[in-house]
Amino acid sequence: MGLVIPSGDGRLITAAVIYGVGLLATFGFSAAYNLALGSRFTEILRRCDHAAIYVMIAGTYTPLALVCIGGWVGITLLSVVWGVAAIGLVLKLVWHRRFERLSLFLYLALGWAGLAAIGSIIAALPVAALILLLVGGVVYSVGVVFHLWTRLQFQNAIWHIFVLAAAGCHYAAVLDAILPA
């Protein structure tokens, strides 16, 4: 059974493309950065890797807010999330080694920003998508402990396992929420 996207629904297609670009950018830059350690491109890839996280978070909100929630609540949520993501993106690209704690706070705050519209989210999303979003958010948040635990052996690999698991949950949630039954 293949992926079915209704033809003619420009909003759905646009939202899905934005989500896909954010997801691919994050994993692409992360892989490039982690594989290129020690090369002359390491610092540029690090900036892009960390900046792309904001794009992925905001990109994940895009189909949910634009397609599922809609209305003024969806547009407001989307505007706030992309506004904060743009600020974080500039911080990471321009002042890449500064504001590390602020960046971590922004990642987490952005990820959990949907709580401000929780009533609309609950009303708009299927139960399975809600559960997957919550589980993914918790997995990302718990994974931060390993990201910060720099003395732990294989800490970076453990952190990335959490990222992959959480991204998988969110991918399944987005598919469940936007694809026709």
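Ala177 and Ala129 get closest at one heavy-atom pair: CB-CB, 4.2 Å. The two residues Ser103 and Lys92 have their closest heavy-atom pair at OG-CE, 3.2 Å. Leu45 and Ala32 get closest at one heavy-atom pair: CD1-O, 3.6 Å. Here the closest heavy-atom approach between residue Pro63 and residue Ala15 is recorded as CA-CB, 3.6 Å. Nearest heavy-atom pair, Leu77 versus Ala113, reported as atom, atom and distance to 0.1 Å: CD1-O, 4.1 Å.
At a threshold of 4.5 Å between side-chain heavy atoms, the hydrophobic network of Ile, Leu, Val, Met, Phe, Trp and Tyr places Val144 and Phe146 in one connected group. Linking Ile, Leu, Val, Met, Phe, Trp and Tyr residues whenever their side-chain heavy atoms come within less than 4.5 Å leaves Trp95 and Ile44 in two separate clusters. The hydrophobic clustering, which links ILVMFWY residues whose side-chain heavy atoms are closer than 4.5 Å, places Leu132 and Val135 apart.
Residues satisfying the side chain to side chain contact (heavy atoms under 4.5 Å, CB included) test with Ala116, not counting sequence neighbours, are none. Taking the side chain to side chain donor-acceptor pair (under 3.5 Å) definition, one finds that Arg98 meets it with nothing, sequence neighbours left out. For Gln155, the side chain to side chain donor-acceptor pair (under 3.5 Å) test picks out no residue, with sequence neighbours left out. Remark: Leu24 engages no residue in a side chain to side chain contact (heavy atoms under 4.5 Å, CB included) (not counting sequence neighbours). For the side chain to side chain donor-acceptor pair (under 3.5 Å) test, residues two or more places apart in sequence or in another chain that qualify with Trp112 are Ser141. For Arg47, the side chain to side chain donor-acceptor pair (under 3.5 Å) test picks out His96, with sequence neighbours left out. Listed by chain and number, the residues in a side chain to side chain contact (heavy atoms under 4.5 Å, CB included) with Arg97 are Glu43, Arg46 (sequence neighbours excluded). Partners of Ile18 by side chain to side chain contact (heavy atoms under 4.5 Å, CB included), not counting sequence neighbours, listed by chain and number: Thr14, Thr62, Trp82. With sequence neighbours excluded, the residues satisfying ring pair (Phe, Tyr, Trp, His ring centres under 6.0 Å) with Tyr140 are His170.
Distance CD1/Ile121 to CG/Leu134: 11.5 Å, rounded to 0.5 Å. Distance check, rounded to the nearest 0.5 Å: CG of Leu35 to OG1 of Thr42 gives 10.5 Å. Taking CG of Leu12 as the start and SG of Cys68 as the end, the distance is 8.5 Å to the nearest 0.5 Å. The CG atom of Leu64 sits 9.5 Å away from atom CG of Leu130, with the distance rounded to the nearest 0.5 Å. Atom CG of Leu89 sits about 11.0 Å away from atom CD1 of Ile53, to the nearest 0.5 Å. To the nearest 0.5 angstrom, Leu23 atom CG is 7.0 Å from Thr60 atom OG1.
Two residues are said to be in side-chain contact when any heavy atoms from C-beta on lie closer than 4.5 Å; Thr26 and Val55 fail this criterion. The shortest distance between side-chain heavy atoms of Leu148 and Leu104 falls below 4.5 Å.
Counting heavy atoms of neighbouring residues, nucleotides and ligands inside a 6.0 Å radius, atom CZ of Phe99 exceeds 12 of them.
Among pairs with a residue in residues 113-127, none fulfils side-chain hydrogen bond (donor to acceptor under 3.5 Å, both in side chains), at least two apart in sequence or across chains. Sorted by first and then second residue, the ring-ring contact (aromatic ring centres under 6.0 Å, His included) pairs involving residues 48-76 (not counting sequence neighbours) are Tyr54-Tyr107.
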Atom pairs and distances, donor-acceptor, side-chain atoms in residues 158-168, under 3.5 Å, two or more places apart:
residue : atom : partner : partner atom : Å
His160  : ND1  : Asn156  : O            : 2.8
His160  : ND1  : Asn156  : OD1          : 3.4
His160  : NE2  : Ser30   : OG           : 3.4

